[in-house]
Peer 1: 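Mind looking over this structure? Questions follow.
So you know, we letter chains A, B, ... as the sequences are listed, proteins then strands, and number each from 1. All heavy atoms count here, side chains included; hydrogens, waters and symmetry mates do not. Worth saying up front: this structure is predicted, and the values here are computed from it rather than measured.
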Amino acid sequence: SAASDVYKRQLEIFMSDIDAWQELADLYISQQLYQYAGFCYEELILASPDNYHLYVQYAEILYTIGGSENYNMALRYYSYALEMSEDNNLRAFYGLCLVLHQLKGFASKDNIRLFDLAHQKLIDFYKSVGSDKLSIVDKVLKKLKPTETF
Amino acid sequence: MPNYEITPTAFCKLKLHATKYPSQAVNGLLIGTVKKDKVTIQEAFPLFHGNFCLPMLEIALLQLEEYCGEQKDLCLVGYYHANELLENNDVTAVAAAIADKIQSYYEHACLILIDNKAIIKNPGIKFYVKRGSSWIVPEDKILWTVQDNAHDLLNGALKQNLQHQIVDFSHHLDDITKDWFNPHLTKKFSK
């Protein structure tokens with residue numbers, strides 16, 4: 001579209017214009033061009049490697065594109081994000097559970113342990129604030145849980 | 001083919017969601033009861049504002065599916081959406097895709113597009129059903145109405161700036177103490 005052309009020209013000149021990369025990524029997402037949005041996020045992460053939100057958003061894009069390679073990448077990025085910050089990182093914990101569910105055909109002991117950890121963290125969060133969503137969240141996660149395959 | 005009725009609570013919540021984020025696209029899910037030839041859209045669950053991706057949408061859907069399972073007579077019956085651009089009054093591909101997914105829960109699911117140019121007018125929404133492979137305005141014999149005092153309720157809510165109190169799923173993900181079921185608003189509306 002016309003808008004993305006403008007941004008691309010801007011970025012050719014100013015490669016480090018972070019806001020432009022973000023706006024371009026948003027444009028691509030709104031047009032369902034997730035692959036291109038992913039490229040933008042790679043640049044954003046290079047520019048701000050400490051910003052765990054970017055890792056989570058990139059993982060979400062990878063999940064949206066789908067396929068086991070992308071699910072595995074998303075798994076890594078969600079994990080990096082959680083290494084950086086577990087506090088309040090609901091999106092990453094939920095995302096991790098979803099990705100592990102998608103990878104259930106390759107459920108190793110490690111993946112299952114990881115799922116259980118994420119499950120427990122989410123339950124703990126909801127419990128700690130006395131949320132009435134606790135039971136719904138717990139039931140949903142139990143249904144998503146991968147079981148061991150060989 | 002059923003007729004559809006939108007309760008004031010659902011109507012207000014989806015409008016408030018749109019007015020809270022005037023410069024962004026918003027969307028959400030509709031839950032209600034289905035009886036023979038009438039669907040009553042009881043509640044609106046705001047989901048996202050701005051851009052969103054698949055995973056959190058799936059989580060929200062799974063949670064609402066579970067909620068409906070617990071409530072026995074409630075079911076996912078529709079999807080609402082407001083486009084980002086003022087002039088854009090079309091059903092976007094993403095909106096259609098999500099509405100298609102809701103159809104898998106209820107075959108006569110509806111799609112409500114908030115009319116950006118008439119958000120605070122009555123009814124200020126466009127109503128669509130699935131015919132064949134497209135979401136279109138239903139035939140004349142299909143009646144869709146907004147229940148009587150919905151518009152007055154919305155005006156009252158806007159006067160009190162209640163749009164600042166509406167919580168969507170995205171907001172909940174950023175702050176777990178915020179309840180995207182908006183019981184505080186439901187309580188206010190039922191008075």
Peer 1: Taking everything shown except B/E139 itself, do over 12 heavy atoms lie less than 6.0 Å from its CD?
Peer 2: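 Result for CD/B/E139: enclosed.
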Peer 1: Roughly how far apart are A/F93 CZ and B/L173 CG, rounded to 0.5 Å?
Peer 2: 13.0 Å
Peer 1: With a 4.5 angstrom heavy-atom cut-off, is it the side chain or the backbone of A/D132 that approaches chain B, or both, or neither?
Peer 2: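 Only the side chain of A/D132 comes within 4.5 Å of chain B.
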Peer 1: Hey, is OH on A/Y36 packed in by over 12 heavy atoms from elsewhere, all under 6.0 Å?
Peer 2: no
Peer 1: Given that the side chain runs from C-beta out, which part of A/L141 has a heavy atom under 4.5 Å from chain B: side chain, backbone, both or neither?
Peer 2: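 Interface part for A/L141: neither.
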Peer 1: For A/R76, is the CZ atom crowded, meaning more than 12 foreign heavy atoms sit under 6.0 Å from it?
Peer 2: no
Peer 1: Is it true that atom CG of B/D148 has more than 12 heavy atoms of other residues, nucleotides or ligands lying nearer than 6.0 Å?
Peer 2: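 Atom CG in B/D148 is not crowded, with 12 or fewer foreign heavy atoms closer than 6.0 Å.
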Peer 1: Which atoms of A/L98 come close to chain B, meaning under 4.5 Å heavy atom to heavy atom: side chain ones, backbone ones, both, or neither?
Peer 2: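 Contact with chain B involves the side chain of A/L98 alone.
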Peer 1: Determine, using the 4.5 Å side-chain heavy-atom cutoff (strictly less than), whether B/Y4 and B/L14 are members of one ILVMFWY cluster.
Peer 2: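 Per the 4.5 Å side-chain linkage, B/Y4 and B/L14 are co-clustered.
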Peer 1: Are A/W21 and A/I61 linked, directly or through intermediate hydrophobic residues, by side-chain heavy-atom contacts shorter than 4.5 Å (ILVMFWY only)?
Peer 2: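 Yes, A/I61 connects to A/W21 through the hydrophobic network.
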Peer 1: Can you say whether B/E84 sits under 4.5 Å from chain A via the side chain, the backbone, both, or neither, judging by heavy atoms?
Peer 2: neither
Peer 1: Taking side chain as everything from C-beta outward and backbone as N, CA, C, O, which of these in B/Q63 sits under 4.5 Å from a heavy atom of chain A? Side chain, backbone, both or neither.
Peer 2: both
Peer 1: Under a single-linkage definition using a 4.5 Å side-chain heavy-atom cutoff for Ile, Leu, Val, Met, Phe, Trp and Tyr, are B/V146 and B/F45 assigned to the same hydrophobic cluster?
Peer 2: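 No; B/F45 is not reachable from B/V146 via cluster members.
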Peer 1: Which atom names give the shortest non-hydrogen contact between B/Y67 and A/I136, and what distance separates them?
Peer 2: CB-CD1, 3.8 Å
Peer 1: Are any side-chain N or O atoms of A/R91 and backbone N or O atoms of B/S170, one a donor and one an acceptor, separated by less than 3.5 Å?
Peer 2: yes
Peer 1: Would you sort out whether A/S135 and B/E70 count as a side-chain contact (heavy atoms from CB on, under 4.5 Å), showing the intermediate values?
Peer 2: CA-CA 11 Å; A/S135 120; B/E70 287 178 356; 3.6 Å; yes
Peer 1: Quick one: what part of A/S131 sits under 4.5 Å from any heavy atom of chain B, side chain, backbone, both or neither?
Peer 2: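 Contact with chain B involves no heavy atom of A/S131 at all.
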Peer 1: Examine whether an atom of A/Q102 lies under 4.5 Å from a heavy atom of chain B, and if so say whether it belongs to the side chain, the backbone or both; otherwise answer neither.
Peer 2: side chain
Peer 1: Would you check, one step at a time, whether the test side-chain contact (heavy atoms from CB on, under 4.5 Å) holds for A/Y94 with B/E58?
Peer 2: CA-CA 10 Å; A/Y94 273 133; B/E58 287 186 359; over 6 Å; no
Peer 1: Out of B/L57, B/I59, B/L64, B/L62, which one racks up the most heavy-atom pairs below 4.5 Å with chain A?
Peer 2: B/I59
Peer 1: Would you kindly confirm whether B/Y21 and B/L29 end up in one hydrophobic cluster when ILVMFWY residues are joined by side chain heavy atoms under 4.5 Å apart?
Peer 2: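 In one cluster: no.
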Peer 1: Under 4.5 Å heavy-atom distance to chain A, tell me which part of B/T92 shows up: side chain, backbone, both or neither.
Peer 2: neither
Peer 1: Hey, is the main chain of B/L54 close enough, under 3.5 Å, to the side chain of A/T64 for a donor-acceptor pair?
Peer 2: yes
Peer 1: With hydrophobic residues grouped by side-chain heavy-atom distances under 4.5 Å, do B/Y128 and B/I125 end up in a single group?
Peer 2: no
Peer 1: Taking atom CD1 as the centre, does B/I120 end up with more than 12 heavy-atom neighbours from other residues, nucleotides or ligands that are less than 6.0 angstrom away?
Peer 2: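 Counting neighbours around CD1 of B/I120, 12 or fewer heavy atoms of other residues, nucleotides or ligands fall under 6.0 Å, so no.
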Peer 1: Which bit of B/D179 is near chain A, if near means a heavy-atom gap under 4.5 Å: side chain, backbone, both or neither?
Peer 2: side chain
Peer 1: Side chains of B/F181 and A/K133: does their closest heavy-atom pair fall under 4.5 Å?
Peer 2: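 B/F181 vs A/K133: side chains touch.
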Peer 1: Quick check against the 3.5 Å criterion: does B/N51 have a side-chain atom that pairs as donor or acceptor with the backbone of A/I29?
Peer 2: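 No.
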Peer 1: With only heavy atoms counted, which part of A/Y78 is less than 4.5 Å from chain B, the side chain, the backbone, both or neither?
Peer 2: side chain
Peer 1: Mark yes or no for whether A/N88, through its side chain, and B/D175, through its backbone, hold a donor-acceptor pair below 3.5 Å.
Peer 2: no
Peer 1: Counting only non-hydrogen atoms closer than 4.5 Å, does A/Q32 touch chain B with its backbone (N, CA, C, O), its side chain (CB onward), both, or neither?
Peer 2: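 Interface part for A/Q32: side chain.
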Peer 1: Count the heavy atoms of every other residue, nucleotide or ligand shown that sit under 6.0 Å from OH of A/Y80, and state whether that count exceeds 12.
Peer 2: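 No, OH of A/Y80 has 12 or fewer neighbouring heavy atoms, counting only those of other groups under 6.0 Å.
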Peer 1: Which one wins on heavy-atom pair count under 4.5 Å against chain B: A/V129, A/I65, A/L90?
Peer 2: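 Highest number of pairs under 4.5 Å: A/L90.
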